[in-house]
Amino acid sequence: MYQKGKSFLEIQIGDSASFTKTITETDVYLFAGISGDFNPLHVDEEYAKTTSFGTRIAHGGLAASLLAPVLGMKLPGLGTVALETTTKFRKPVYFGDTITCSVEVIEKVERLKAVRMKIVWTNQKSEVVSKGETLVIPPG
């Protein structure tokens with residue numbers, strides 16, 4: 001029924017994959033409920049108007065979570081175990097922004113049978129909103 005993702009041996013330096021999603025108001029409210037983060041910057045437009053952003057913005061973790069479908073469904077794919085992820089937030093994500101999370105394999109760590117990938121999150125204007133790296137163990 002399910003097809004395992006790429007194994008350590010199948011993955012090559014330079015392999016890449018991505019996932020794209022438009023961030024909606026519903027997404028932000030659902031994420032607030034799941035995470036418990038009801039910061040008014042995310043859920044109260046009147047408050048958000050008084051901030052440097054001038055409007056509500058999505059949680060950083062919401063955009064960062066777009067990494068999950070890339071790793072778990074595309075590269076390496078089903079059976080992947082994440083060991084570590086670093087994320088550097090560069091720009092806010094606004095309601096209605098279309099965010100693409102892209103990964104590229106930059107290293108194979110033989111002793112761990114793990115793969116290191118760079119991650120870039122961009123918006124619909126091709127602006128980098130976040131970047132980072134992840135280390136994962138592909139399915140066996």
Verify side chain to side chain contact (heavy atoms under 4.5 Å, CB included) between Met117 and Val70, making sure each step is shown before the conclusion.
-> CA-CA 11 Å; Met117 294 182 266; Val70 180; over 6 Å; no
Review item, side-chain donor-acceptor pairs of residues 108-115, under 3.5 Å, at least two apart:
unit_1 : atom_1 : unit_2 : atom_2 : d
Lys108 : NZ     : Phe8   : O      : 2.8
Lys108 : NZ     : Ile11  : O      : 2.8
Glu110 : OE2    : Lys113 : NZ     : 2.2

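- Taken from CD1 in Ile13 to CD in Glu107, the straight-line distance is 7.0 Å, to the nearest 0.5 Å.
- Residues in residues 65-75 take part in no salt bridge (Lys or Arg N to Asp or Glu O under 4.0 Å) pair, two or more places apart or across chains.
- Take Pro69 and apply the side-chain contact (heavy atoms from CB on, under 4.5 Å) test, not counting sequence neighbours, and it matches Phe19.
- Judged as a side-chain contact (heavy atoms from CB on, under 4.5 Å), and not counting sequence neighbours, the contacts of Ser7 are Leu9, Glu10.
- A 4.5 Å side-chain heavy-atom check between Phe95 and Val28 finds at least one atom pair inside the cut-off.
- Residue Val128 is found in a hydrophobic cluster whose other members, listed by chain and number, are Val120; membership requires side-chain heavy atoms under 4.5 Å apart, directly or through intermediates.
- Here Asp27 pairs with Lys21 under the salt bridge (charged side-chain N to carboxylate O under 4.0 Å, His left out) rule; sequence neighbours left out.
- The heavy-atom pair separating Thr80 from Leu71 by the smallest distance is OG1-O, 3.3 Å.
- With sequence neighbours excluded, the residues that form a salt bridge (charged side-chain N to carboxylate O under 4.0 Å, His left out) with Lys118 are Glu104.
- The list of ring-ring contact (aromatic ring centres under 6.0 Å, His included) pairs with a residue in residues 117-140, not counting sequence neighbours, is empty.
- Looking only at distances, a side-chain donor or acceptor of Thr86 sits under 3.5 Å from a matching main-chain atom of Glu133.
- By the 4.5 Å heavy-atom criterion applied to side chains, Ser18 and Cys101 are not counted as neighbours.
- In this structure, Gln124 and Asp97 have side chains that are in contact, with non-hydrogen atoms separated by less than 4.5 Å.
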Given the rule in the side chain to side chain donor-acceptor pair (under 3.5 Å) test, do Thr98 and Thr22 qualify, once you have shown the distances and angles that lead to the verdict?
-> CA-CA 4 Å; Thr98 299; Thr22 299; 2.7 Å; yes
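- The side chain to side chain donor-acceptor pair (under 3.5 Å) contacts involving residues 87-96 comprise nothing, where partners must be two or more places apart or lie in separate chains.
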Under 3.5 Å, which donor-acceptor pairs link side chains of residues 53-68 to any protein atom two or more places apart or in another chain?
unit_1 : atom_1 : unit_2 : atom_2 : d
Thr55  : OG1    : Glu45  : OE1    : 3.1
Thr55  : OG1    : Glu45  : OE2    : 2.9
Arg56  : NE     : Glu45  : OE1    : 2.9
Arg56  : NH1    : Glu25  : OE2    : 2.8
Arg56  : NH1    : Tyr29  : OH     : 3.4
Arg56  : NH2    : Glu25  : OE2    : 3.2
His59  : NE2    : Asp37  : O      : 2.9
Ser65  : OG     : Leu62  : O      : 2.6

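- Side-chain contact between Arg116 and Val136 is absent, with no heavy atoms from C-beta onward closer than 4.5 Å.
- Partners of Thr26 under the side-chain contact (heavy atoms from CB on, under 4.5 Å) rule, at least two apart in sequence or in another chain, are Thr24, Leu30.
- Partners of Glu46 under the side-chain contact (heavy atoms from CB on, under 4.5 Å) rule, at least two apart in sequence or in another chain, are Asp44, Lys49.
- Counting heavy atoms from C-beta on, the side chains of Val129 and Ile99 come closer than 4.5 Å.
- Note that CD1 of Ile119 is 9.5 Å distant from CD1 of Ile106, once rounded to the nearest 0.5 Å.
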